[in-house]
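Only this structure's heavy atoms are used, side chains among them; waters, hydrogens and symmetry mates stay out. Here the structure is a predicted model, which is why all the values come from computation and not from measurement.
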Amino acid sequence: MQYPNRTFAGISAAAILNLEYSWNLNRNGTIFLAAPSGNSKRVHGNIQRIVMRHPPICNAVHYRINKQFHTAIADPALISIGDIETTLPGNAVITNIMPVTSPARTLVDCGLRYPFVYAMALFDSALRQGIVTREQILEVCDSLQKDCGPVLRLLYYANPLNENGGESFCYGIILDEGFAVPELQHVFASPTGNIRVDFVWHTEDGRVIVLEFDGTDKYVNPTMTNKRSIRQVVHDERQREDYLKQAGVTTIIRTNYKEVEQRNPLVRKLFEANVPMARAHPYYERRTDATGRIW
């Protein structure tokens, strides 16, 4: 076990736990450690403490099966590698074990430190991986003598149906700009099978607005294009849009990471499509369960 006397916290723990987040959150390379005392605002070299008297600790276990790398969470009571190996698949090869703050405490620390739109990916990916529950996060908040309002907001809107950090970032911007909460991964029927879209709004006046978040990989990554040419990918996208319109979709918006990061291009598209605003119409505020489904 490396660094047995150190407990990684904050964004450092999030990285070790393999949670998704923007590299902008730690572009300076600061390493965050849990410490029982000290000054959380002071940085020594590239080390910064997050003060917590009794940090909840777990062991992040990195292991390999064939050529695939995985991360698991082990009870800190399991000291020997042999004990930890019994909790993993039989053909797993452990590559690293590192002590970190619990997923719930890690999320709370990150939610208090980083803006809503950037922290959303951390919460979504943790819920999507099933390594934390909303109740565990609330328990950590209840134990702290801090205003956990930012964490509660993240917890309210976090949705594991966002499939990656880019979608979480887009989702966070939509909410932060005051637009209605979209439904995620909605399925429409088409002649060639079901079509699943990233975001959709069903408005009271009968309109169906779809927002698709496009990554550049879908045009250039062979694993995403299925070895199709760019021309064929574009053709398939146009046919997909035709099928969506046949299924009742009235407006289709496309955006990408650059537009989301700049905000204004995405916001302009949402306004032009007349996407409803949550602040103007509380009807569009929706709650989701642990799986991201609306209730």
Please report the closest heavy-atom contact between [X] and [Y], naming both atoms and the distance.
X	Y	result
P99	N59	CA-OD1, 3.7 Å
D198	F213	OD2-N, 2.8 Å
P150	L112	CD-CD2, 4.4 Å
Q48	T30	CB-CG2, 3.7 Å
I174	P182	CG2-CD, 4.3 Å

Same cluster (ILVMFWY, side-chain, under 4.5 Å), F271 and V181: yes
In one Ile/Leu/Val/Met/Phe/Trp/Tyr side-chain cluster, 4.5 Å: I84, V93: no
Distance-only, no hydrogens or angles: does the [X] side chain make a donor-acceptor pair with backbone N or O of [Y] under 3.5 Å?
X	Y	answer
N66	Q68	no
Y171	G166	no
R207	V249	no
W201	P276	no
T106	A13	no
S125	A121	yes

CA sep, side-chain torsions, deciding dist, call: V108, I137, side-chain contact (heavy atoms from CB on, under 4.5 Å): CA-CA 7 Å; V108 170; I137 298 172; 3.9 Å; yes
Cation-pi geometry met for R153 and F116 (6.0 Å, 45°): yes
side-chain hydrogen bond (donor to acceptor under 3.5 Å, both in side chains) with [X]: which residues, sequence neighbours excluded?
X	value
R263	D176, E177
D142	none
R196	E163, Q185

In Å, rounded to the nearest 0.5 Å, how long is the span from [atom1] of [X] to [atom2] of [Y]?
X	Y	atom1	atom2	result
L270	T251	CG	OG1	11.0 Å
I73	C58	CD1	SG	5.0 Å
I94	Y63	CD1	OH	10.0 Å
E212	D214	CD	CG	6.5 Å
N24	Y118	CG	OH	5.5 Å

Residues D109, R105: salt bridge by 4.0 Å N-O rule: yes
Working for side-chain hydrogen bond (donor to acceptor under 3.5 Å, both in side chains), residues N162 and D124: CA-CA 7 Å; N162 283 308; D124 286 348; 2.9 Å; yes
Ring centres under 6.0 angstrom apart (F169, Y257): yes
K245, NZ atom: more than 12 neighbouring heavy atoms under 6.0 Å: no
